[in-house]
Amino acid sequence: MNYNVLSDEKGKGLIKAWTKGVPFEPEAEKQVRKAAQMPFIYKWIALMPDVHLGKGATIGSVIPTKGAIIPAAVGVDIGCGMMAVQTSLTANDLPDDLSKIRLAIEMACPHGDFSSRAANHKKGGWKEAPAAIEKAWEGLDEAYQKIIAKNPQAETRRHPMQQLGSLGGGNHFIELCLDEANRVWIMLHSGSRGIGNRIGMSYINQAKKDMEKWMINLPDKDLAYFPEGTEHFDDYCDAVQWAQDYAKTNRFMMMENLIQELRKSEILPTFTTNKMAVNCHHNYVEKENHFGENVLVTRKGAVRTREGELGIIPGSMGAKSFIVRGKGNQESFCSCSHGAGRAMSRTAARKMYSVEDQIKATEGVECRKDSGVIDEIPMAYKDIEDVMAAQNDLVDIVHTLKQVVCVKG
DNA sequence: ATGTCC
């Protein structure tokens, strides 16, 4: 077996952990053991090899539930995930000076704080949403109106259309990568931006209030849940599904716009897009059928990999990434890891490493190398090779990618 | 992760 089985002394609180040969912090284990105690967990919690302590729920966990949903398990970055596209370009088509490409990407896509020089960007989004964005928003607007009518607290000061097709900050990034045959890929990582955050936060607080009202005691406040059949259960399901759609559209629009702007920039020869390796969430909840039963599956830092389904497992700034094909492993509820997983906290990484370390670790990658991105240093993450080895019964590797340009939010 | 406030 490729997984370890954990449970309490009564044989309850079952966990199947794909953590052989990778670090697994005791704090993360303690956290996930609490979640596994919840009475509405269906069968067991599956842990992916990138497991680490998270806020609310353990990152790298697959939590199937029946009759209840835990909003803090999905978290605030609802629908966060990856998208990658293979282009007709090869390494030879790239200019010697990759900084031109990095600048073109930074000018094309609103990212991070207001660091962009693009006339149509402002802090966190668009000054004036481009026509294509307005059009994409039309498909989201009707459901959005219902969501904020039900939950006015979810409304953001700035309209979510202004952030559709924008990257965000933290670990969200856009990369140009080369695969094993030197083909160029465009890959990106982003989520549901401000609106998803607000939706997530408001329902996490609502669930905590509901638990107090019903005097339900929990091993951890962040395990507050909505029981099926209660008012907020349905509202949350609708809202979280909408935020996931928004996140997916956000990634799609960003990719479309990037391709268009890279073509316009004339830095690269004429190119087409060949292959899309899905646009997959790794922070989400979905109704799925497992072992013949309909259940809710929350993947917190995990990717769904049904048999033949493609997924993306990104490594850190200086490491490889993988396009994978699912093996449909039932024991994992058809899942794999969402990355390498942090080996140390951002604070610890900032304390341990210097800008010089970061420059060395990201050699050959056209990216920011200042003090602001030290917490993203590859050494702060688990070894991606070990992580891939620990889940070789969950996925096959289809493509191995190495970034040459990276834009961090 | 985000937005807001320090």
Side-chain angles (χ1 to χ4, degrees), chain A residues 50 52-61 70-83 109-116 121-127 144 147-148 151-175 188-206 222 236 239-240 242-251 254 280-285 298-303 314 316-317 338-342 344-347 349-350 368 372-376 380-381 406-409:
Chain A
D50 58 343
H52 58 100
L53 188 71
K55 194 177 154 45
T58 319
I59 319 287
S61 61
I70 307 171
V74 179
V76 293
D77 197 1
I78 298 170
C80 181
M82 301 289 306
M83 181 172 179
C109 183
H111 60 282
D113 278 347
F114 188 41
S115 54
S116 174
H121 297 181
K122 67 177 196 179
K123 192 174 175 176
W126 304 103
K127 204 170 275 174
Y144 170 70
I147 283 159
I148 53 162
N151 179 10
Q153 281 188 14
E155 193 164 12
T156 45
R157 210 157 57 81
R158 278 215 293 151
H159 195 278
M161 186 173 72
Q162 300 298 124
Q163 290 194 314
L164 195 58
S166 71
L167 183 65
N171 190 26
H172 288 166
F173 62 80
I174 300 166
E175 284 183 350
L188 57 86
H189 174 214
S190 187
S192 54
R193 314 291 290 103
I195 185 61
N197 189 293
R198 198 63 175 260
I199 288 171
M201 199 83 87
S202 61
Y203 282 102
I204 290 167
N205 291 333
Q206 184 63 59
D222 284 320
Y236 177 66
V240 79
W242 181 87
Q244 287 167 193
D245 292 345
Y246 177 95
K248 198 168 200 171
T249 309
N250 180 42
R251 287 190 292 272
M254 227 186 305
C280 60
H281 301 313
H282 53 221
N283 239 22
Y284 72 112
V285 59
T298 300
R299 291 191 181 82
K300 172 81 159 187
V303 178
S316 57
M317 258 171 129
H338 83 311
R342 294 200 76 88
M344 64 177 79
S345 71
R346 293 182 183 277
T347 323
R350 269 185 234 112
R368 274 176 66 191
V373 291
I374 288 179
D375 50 355
E376 287 295 330
Y381 285 84
C406 174
V407 172
K408 283 273 178 204

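All chains are named by letter (A, B, ...) in the order of the sequence lines, taking the proteins before the strands, and each is independently numbered beginning at 1.
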Participant: Can you tell me how far P of B:dT2 sits from CD1 of A:I78, to the nearest Å?
Facilitator: 12 Å
Participant: CG of A:N283 versus C1' of B:dT2: gap in Å, rounded?
Facilitator: 14 Å
Participant: For A:D77 and A:G196, indicate whether the former's side chain and the latter's backbone hold a donor-acceptor pair under 3.5 Å.
Facilitator: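 Side chain of A:D77 to backbone of A:G196: no pair is present.
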Participant: Using atom CG of A:N197 as one end and atom P of B:dG3 as the other, report the distance to the nearest whole Å.
Facilitator: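 Those two atoms, CG and P, are 7 Å apart.
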Participant: A:D375 has an atom CG; how far is it from atom P of B:dA1, in whole Å?
Facilitator: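 Atom-to-atom, A:D375 to B:dA1, this comes out as 9 Å.
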Participant: Quick one: A:M201 CE to B:dT4 C1', roughly how many Å, whole number?
Facilitator: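 My rounded result for the distance is 11 Å.
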Participant: Where the side chain of A:R157 is defined as all heavy atoms beyond and including C-beta, which of B:dT4, B:dA1, B:dT2 is the nearest nucleotide?
Facilitator: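 Selected nucleotide (nearest to the side chain): B:dT4.
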Participant: Please state how far atom CZ in A:R198 lies from atom P in B:dG3, giving the value in whole angstrom units.
Facilitator: 9 Å
Participant: Do side-chain atoms of A:S190 reach the backbone of A:L167 as a donor and acceptor pair under 3.5 angstrom?
Facilitator: yes
Participant: Between A:E376 and A:Y381, does any side-chain donor sit less than 3.5 Å from a side-chain acceptor?
Facilitator: yes
Participant: Can you measure A:Y203 atom OH to B:dA1 atom P for me and round it to whole angstrom units?
Facilitator: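 In whole Å, B:dA1 P and A:Y203 OH are 23 Å from each other.
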Participant: For A:R342 and A:M344, indicate whether the former's side chain and the latter's backbone hold a donor-acceptor pair under 3.5 Å.
Facilitator: yes
Participant: I want to check one thing: is the phosphate of B:dG3, taken as OP1 and OP2, less than 4.0 Å away from some side-chain N or O of A:Q163?
Facilitator: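 The answer is yes; a side-chain N or O of A:Q163 sits under 4.0 Å from OP1 or OP2.
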Participant: Could you state the CG-P distance from A:N205 to B:dG3, rounded to the nearest angstrom?
Facilitator: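 Between P of B:dG3 and CG of A:N205: 17 Å.
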